[in-house]
Amino acid sequence: MESLIVTPVSKASANQRAGRAGRVAAGKCFRLYTAWAYKNELEESTIPEIQRTNLGNVVLLLKSLGINDLIHFDFMDPPPHETLVLALEQLYALGALNHLGELTKLGRRMAEFPVDPMLSKMILASEKYQCSEEILSITAMLSVNAAIFYRPKDKIVHADNARKNFFVPGGDHLTLLNVYNQWVETGHSTQWCYENFIQHRSMRRARDVREQLEGLIERVEIPLISSSMDTINIRKAITAGFFYHTARLSKSGQYKTVKHHQTVMVHPNSCLFEEQPRWLIYHELVFTTKEFMRQVIEIENQWLLEVAPHYYKARELEDGSGRKMPKMTGKSREETRSTL
């Protein structure tokens, strides 16, 4: 999970920042903490990124280079064994590795894409579902780390209304696709972005990423096919890559991840925030004040058995859709009588 947690600066980072004062002329650095805190509370150096991030892409790249013994690989800053094992498990579930931990044919094709393994699996699945044009646009929009929409403080209501105009039934991925398609129809207009409160720089970055991905899918011999907005096929292709990230609406009215039963919430900016569909797939989990799912789409539970029968069992995906979801937490009077 991506956690946005405020942590104290390290001594090395503090000294580096102090060096900025006095570069061009004499300067002073004012530190907003005590000398005691500097000596006793701060770490010597910042934790290397490889020790605190998802290693799926790193492991896939090393495997494609023929490096199989990752535990004894000479990393400059060795990551924890747990994160390596989790990355290997994820790649095995995606079909990139076989039971011996060796790269499969699918894994070799996935390694061609410089994106998260789940995104590369989604791109490869688009060949089967014949929607590679749409999936490339969605991947490009998801790969832009900056926000697509912005909300000026003096025009919050206008900005929110503009964002809602792009909402498409089915989920946020389809909303992002709608934004990109409309921007292309306007000839990549800067004025259109300004009028709709969209970051033009983010859209330009998405266009650049998409162009690069187009060249890469030619290399793995996937034809560019449009599904003419058949949202079921698009959502199935996304599910094929992100079946790991599934959440189900529980009886208490909260979402829980299917495998780990972790309580999560739909992000307030999502187009599905008020709809509460029974099954969701999310792009990422972000921990700020609560554990939020960012970029979610609505799916059918049967799709999970179709795209990942090795990962899910039928009984895990029973949702009791024939029964009504109770409005309040706890069992109804009829249910308590039936259990007695």
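This one's a predicted model, so the numbers in the text were calculated from it and none came from an experiment. One is the number of the first residue; the rest follow in order along the sequence.
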> Under 6.0 Å between the ring centres of H200 and Y194?
Replying inline: no
> Run the side-chain contact (heavy atoms from CB on, under 4.5 Å) check on Y282 and Q295 step by step: do they pass?
Replying inline: CA-CA 6 Å; Y282 56 88; Q295 312 296 4; over 6 Å; no
> Is there side-chain contact between Y255 and M265, with heavy atoms separated by less than 4.5 Å?
Replying inline: no
>> Using the rule given for side chain to side chain donor-acceptor pair (under 3.5 Å), can you reason through S226 versus E134, listing the C-alpha separation, both sets of side-chain angles and the distance that settles it, and then say yes or no?
In response: CA-CA 6 Å; S226 175; E134 287 78 12; 2.7 Å; yes
>> Using ring centroids (six-membered ring only for Trp), state whether Y311 and Y244 fall under 6.0 Å.
In response: yes
>> Between E43 and K11 (salt bridge meaning N to carboxylate O under 4.0 Å), is one present in this structure?
In response: no
> Parallel under 30°, tilted from 30 to 60°, perpendicular over 60°: which one fits the rings of Y312 and F243?
Replying inline: perpendicular
>> Regarding S270 and D172, do their side chains bring together a donor and an acceptor under 3.5 Å, going by distance alone?
In response: yes
>> When you measure from the side chain of K121 to the backbone of L91, do you find a donor-acceptor pair of N or O atoms at a distance under 3.5 Å?
In response: no
> Where do F166 and W192 land on the ring-ring contact (aromatic ring centres under 6.0 Å, His included) test, with the steps shown first?
Replying inline: CA-CA 13 Å; F166 289 107; W192 180 85; 5.7 Å; yes
> If you take all heavy atoms of A125 and A240, which pair is closest and at what distance?
Replying inline: CB-CB, 3.5 Å
>> Distance alone, cut at 3.5 Å: any donor-acceptor contact between the side chains of E306 and Q302?
In response: no
>> Quick one, H245 with H283, criterion side-chain contact (heavy atoms from CB on, under 4.5 Å). Give me CA distance, side-chain angles, the key distance, then yes/no.
In response: CA-CA 7 Å; H245 289 175; H283 176 58; 5.9 Å; no
> Going by an N to O cut-off under 4.0 Å, is there a salt bridge joining E133 and R210?
Replying inline: yes
>> If only side-chain N and O atoms count, and only distance matters, is there a donor-acceptor pair under 3.5 Å linking S13 with T46?
In response: no
> Under 6.0 Å from the CZ atom of R20, do we count more than 12 heavy atoms belonging to anything else shown?
Replying inline: yes
> Under 3.5 Å, is there a donor-acceptor pair linking the side chains of N181 and E185?
Replying inline: no
> Between E102 and R108, is the closest basic N to carboxylate O distance under 4.0 Å?
Replying inline: no
> Which atom names give the shortest non-hydrogen contact between W279 and T246, and what distance separates them?
Replying inline: CE3-CG2, 3.9 Å
>> Any salt bridge linking D208 with R205? Criterion: basic side-chain nitrogen under 4.0 Å from a carboxylate oxygen.
In response: no
> Closest approach of V168 and L174, non-hydrogen atoms and distance?
Replying inline: CG2-O, 3.9 Å
> Can you name the nearest heavy-atom pair linking L70 to F75, along with the distance?
Replying inline: O-CE1, 3.7 Å
> Looking only at heavy atoms, which two atoms of C193 and M203 are closest? And how far apart?
Replying inline: SG-CG, 4.2 Å
> How far does CG of L304 sit from CZ of F242, to the nearest 0.5 angstrom?
Replying inline: 14.0 Å
>> Side chains of N15 and Y38: any donor to acceptor distance under 3.5 Å?
In response: yes
> So do the side chains of Y129 and I238 get within less than 4.5 Å of each other, counting heavy atoms only?
Replying inline: no
